[in-house]
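Residues: numbered from 1 along the sequence shown. Just so you know, ligand 1 is whichever comes first in the structure, and atom 1 is the first atom listed for that ligand. The figures that follow rest on heavy atoms only: side chains count, while hydrogens, waters and symmetry mates do not.
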Amino acid sequence: MDKLIITAALTGNITLPTQTPYLPLTPEQIAEEAVRCADAGAASIHVHARNPQTGQPSTDPAVFKEIATLIKAKTNVIFCPTTGGTADMTAADRIKVVPALKPELATCNMGSINFSIHPIVDRYKDGDYKYDWEKEFAASTKDFIFRNTFGDIEHFYKTMQENETKPEHECYDVGHLYNLSFFVRRGLIKTPVWMQFVTGILGGIGSDLESIMFMKQTADRLLGAQNYKYSVIGAGYPAEFYADTLSIMMGGHVRVGLEDNIFIQKGVLAKSNAELVEKVVRIARELGREIATPDEARQILGLKGKDKVNF
Ligand code: KMH
Ligand code: ZN
């Protein structure tokens, strides 16, 4: 088995500031969390930008650049920005970060899906929200279609190829594996590919073990096990740790972080992203799986190297 690549997803765009006071929002907070996660064993940091004043998800390349520069000054970790988005972001907005930063890795979402957090509004009263935008944002996801058409994906691939950025393929359901295999067969993306099974999102496949195994078996059948590396996300608690443990056992890689799960134990908020990384490191060590350093992860994934980025 490869050494284990741990990705830390620090803030995302679906966790609300109201859900946890520990969610990093400003570039400084995000960078500080990234450094702590790298020290704890994360090889890759998945980053979303937020408006530093309001905590709202943002596609502003200047904010991404500020975060990336702060992180690079203090650690050797891989910087992987999102190209995902919310209802008010176009595909053109979402991909802007790639030519601006020329990162080693960036996400590439492999199909259009419903992607919703609307049930969360049942948990809070109007006065509970930290920011004005949060309730309307969460409620509006009931009608959100996360758009990733074949045309969008082709455009993302082209931009990533021009900038030597490797796509991290986010696959939220079995159909997304077929989409990826379509692009491989067409020669638009070369193997070995790097993908992530994103499970437990309302609108995508569940985090139950059978579904994760089915994703793996389908990817093996469509691509051939030697032609891809994968990581697993389980959204929520305890799904994050169950899904990651299964992946550790199967030879896959893992992602943790407040983007996907805010709890360290049942009902106990994680006080930082690093606490989540530390927990998955403990699980991996108990299971005898060694942890990859950022440079070992670069080698496993075939990345261009951090000297070739634009930040
Ligand atoms: N928000 C996650 C469920 C992306 O940012 O492009 C999936 C994700 C994808 O992290
Ligand atoms: Zn993300």
Side-chain angles (χ1 to χ4, degrees), residues 6-16 19 23-25 30 33-34 37 42 44-50 56-59 63-64 67-68 78-87 89-91 93-98 101 103 105-118 120 137-138 141 144-149 152-153 155-157 159-160 165-173 176 179-180 194-207 211-212 215 230-237 239-240 243-244 253-262 273 276:
I6 300 174
T7 297
L10 306 181
T11 187
N13 58 14
I14 53 169
T15 309
L16 303 176
Q19 288 177 264
L23 192 68
L25 302 176
I30 293 171
E33 284 279 277
C37 288
S44 176
I45 303 289
H46 171 66
V47 172
H48 289 247
R50 290 183 182 252
Q56 266 171 301
S58 160
T59 55
V63 180
F64 275 109
I67 300 167
I78 298 163
F79 179 86
C80 173
T82 185
T83 67
T86 53
M89 298 173 185
T90 63
D93 287 333
R94 287 162 43 193
I95 193 68
K96 275 190 306 200
V97 63
V98 169
L101 271 68
L105 263 185
T107 65
C108 187
N109 290 275
M110 291 312 291
S112 301
I113 52 166
N114 293 341
F115 191 134
S116 190
I117 58 165
H118 72 274
I120 212 168
F137 169 74
T141 61
F144 175 47
I145 300 169
F146 184 27
R147 181 192 149 141
N148 298 286
T149 64
D152 294 335
I153 296 168
H155 176 57
F156 282 27
Y157 273 165
T159 311
M160 290 195 203
T165 297
K166 182 156 181 146
E168 177 179 283
H169 296 89
E170 311 296 334
C171 297
Y172 299 73
D173 221 321
H176 296 184
N179 297 349
L180 173 51
W194 171 231
M195 74 170 91
Q196 194 147 241
F197 304 152
V198 185
T199 70
I201 296 293
L202 183 57
I205 201 166
S207 297
S211 293
I212 295 171
M215 291 289 278
Y230 68 98
S231 169
V232 180
I233 299 174
Y237 183 90
E240 176 161 276
D244 284 2
H253 303 276
V254 298
R255 172 167 127 171
V256 289
L258 297 173
E259 172 165 350
D260 305 325
N261 160 52
I262 59 175
N273 280 285
L276 298 168

Consider side-chain hydrogen bond (donor to acceptor under 3.5 Å, both in side chains). Of D260, T7, D244, which one does R255 pass it with?
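Among the candidates, only D260 passes.
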With R94, the side-chain hydrogen bond (donor to acceptor under 3.5 Å, both in side chains) member among N148, T82, T83
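One option only clears the test, and that one is N148.
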Contact between S231 and W194 at the side-chain level, heavy atoms closer than 4.5 Å - yes or no?
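Yes, close enough: below the 4.5 Å cut-off.
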Side chain T141, main chain H118, donor-acceptor under 3.5 Å
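A pair under 3.5 Å: yes.
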Where D152 and A91 come nearest, the two heavy atoms and their spacing
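For D152 and A91, the tightest heavy-atom pair comes out as OD1-CB, 3.8 Å.
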Ring centroid separation for Y157 and H169, is it under 6.0 angstrom?
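They qualify: ring centres under 6.0 Å apart.
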Distance from T15 atom OG1 to I117 atom CD1, nearest 0.5 Å?
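Answer for the OG1-CD1 pair, T15 versus I117, is 8.0 Å.
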Can you produce the list of protein nitrogen or oxygen atoms under 3.5 Å from a nitrogen or oxygen of ligand 1, alongside each distance?
residue: ligand 1; atom: 1 (N); partner: E259; partner atom: OE2; Å: 2.7
residue: ligand 1; atom: 5 (O); partner: H46; partner atom: NE2; Å: 3.1
residue: ligand 1; atom: 5 (O); partner: H48; partner atom: NE2; Å: 3.0
residue: ligand 1; atom: 5 (O); partner: T82; partner atom: OG1; Å: 2.6
residue: ligand 1; atom: 6 (O); partner: T82; partner atom: OG1; Å: 3.0
residue: ligand 1; atom: 6 (O); partner: G84; partner atom: N; Å: 3.4
residue: ligand 1; atom: 6 (O); partner: T107; partner atom: OG1; Å: 2.7
residue: ligand 1; atom: 6 (O); partner: N109; partner atom: ND2; Å: 2.9
residue: ligand 1; atom: 10 (O); partner: H46; partner atom: NE2; Å: 3.0
residue: ligand 1; atom: 10 (O); partner: R255; partner atom: NH1; Å: 3.1
residue: ligand 1; atom: 10 (O); partner: R255; partner atom: NH2; Å: 3.1
residue: ligand 1; atom: 10 (O); partner: E259; partner atom: OE2; Å: 2.8

Which N/O/S atom belongs to H46 and is the closest one to the Zn ion (ligand 2)?
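This turns out to be NE2.
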Metal-centred angle, the Zn ion (ligand 2) as apex - OE2 of E259, NE2 of H48, 10° resolution:
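Answer comes to 100°, rounded to 10°.
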